[in-house]
Amino acid sequence: MNEEKHNRFFAAVTVNAIILIVILVAVIIYQLVNYFILDSRRDDLTNDIEFYTQEALKAENSLDYYKSYDYLLDKAFEKGFVFGK
């Protein structure tokens, strides 16, 4: 009887250890997947930031052109304005 209790105890400990290992492996796999997803998202956001920074610079350059005298002169010629002598 004593040996049977001993075997049941070790069987229960073994089953619990295996369940614990399975749970820990599942958590590690989840963490790795989450890490790679976040890493991919970070790269996408970095690319988006670079793209929109470039677009903002282009828009700034366009705004500077629209505020300039050259733009007014180009528009005047486009509308048919002729400078007198």
Side-chain angles (χ1 to χ4, degrees):
M1 191 74 170
N2 195 6
E3 189 175 323
E4 186 178 321
K5 285 184 179 180
H6 191 66
N7 287 340
R8 286 176 48 194
F9 174 75
F10 283 120
V13 169
T14 304
V15 168
N16 285 330
I18 290 172
I19 290 172
L20 178 64
I21 290 171
V22 168
I23 290 172
L24 290 176
V25 168
V27 168
I28 290 171
I29 290 172
Y30 173 77
Q31 291 294 329
L32 286 174
V33 168
N34 195 22
Y35 171 77
F36 287 120
I37 289 172
L38 290 177
D39 191 44
S40 173
R41 233 184 248 168
R42 185 191 66 207
D43 292 341
D44 292 342
L45 289 175
T46 302
N47 291 337
D48 287 347
I49 288 170
E50 290 174 8
F51 173 75
Y52 288 119
T53 302
Q54 292 298 323
E55 290 297 314
L57 289 175
K58 288 179 189 176
E60 238 179 69
N61 292 338
S62 296
L63 181 63
D64 290 340
Y65 172 69
Y66 291 141
K67 287 182 177 180
S68 72
Y69 179 76
D70 293 333
Y71 173 73
L72 290 175
L73 192 60
D74 289 343
K75 274 298 186 187
F77 287 138
E78 183 182 306
K79 298 293 181 183
F81 184 78
V82 177
F83 290 103
K85 291 184 182 183

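Numbering starts at 1 and runs along the sequence shown.
In this structure Leu24 satisfies the side-chain contact (heavy atoms from CB on, under 4.5 Å) test together with Leu20, sequence neighbours excluded. The salt bridge (Lys or Arg N to Asp or Glu O under 4.0 Å) check on Glu60 picks up nothing, with sequence neighbours excluded. Residues forming a salt bridge (Lys or Arg N to Asp or Glu O under 4.0 Å) with Lys58 (at least two apart in sequence, or on another chain): Glu55. The ring-ring contact (aromatic ring centres under 6.0 Å, His included) test applied to Phe9 returns no partner, not counting sequence neighbours. When the side-chain contact (heavy atoms from CB on, under 4.5 Å) test is applied to Val15, the partners found at least two apart in sequence or on another chain are Ile19.
Pairs of residues two or more places apart, or lying in two chains, that qualify as ring pair (Phe, Tyr, Trp, His ring centres under 6.0 Å) and include a residue from residues 55-74 are Tyr65-Tyr71, Tyr66-Tyr71. For residues 10-28, no residue pair satisfies the salt bridge (Lys or Arg N to Asp or Glu O under 4.0 Å) rule, not counting sequence neighbours. Counting only residues at least two apart or in different chains, side-chain hydrogen bond (donor to acceptor under 3.5 Å, both in side chains) contacts with residues 37-53 comprise Asp39-Arg42. Applying the side-chain hydrogen bond (donor to acceptor under 3.5 Å, both in side chains) test to pairs two or more places apart or on separate chains, none has a residue in residues 10-36.
Atoms CG and CG, on Asn7 and Asn2 in that order, are 10.0 Å from each other to the nearest 0.5 Å.
Other residues sharing the hydrophobic cluster of Ile49, ordered by chain and number and joined by side-chain separations under 4.5 Å: none, the residue standing alone.
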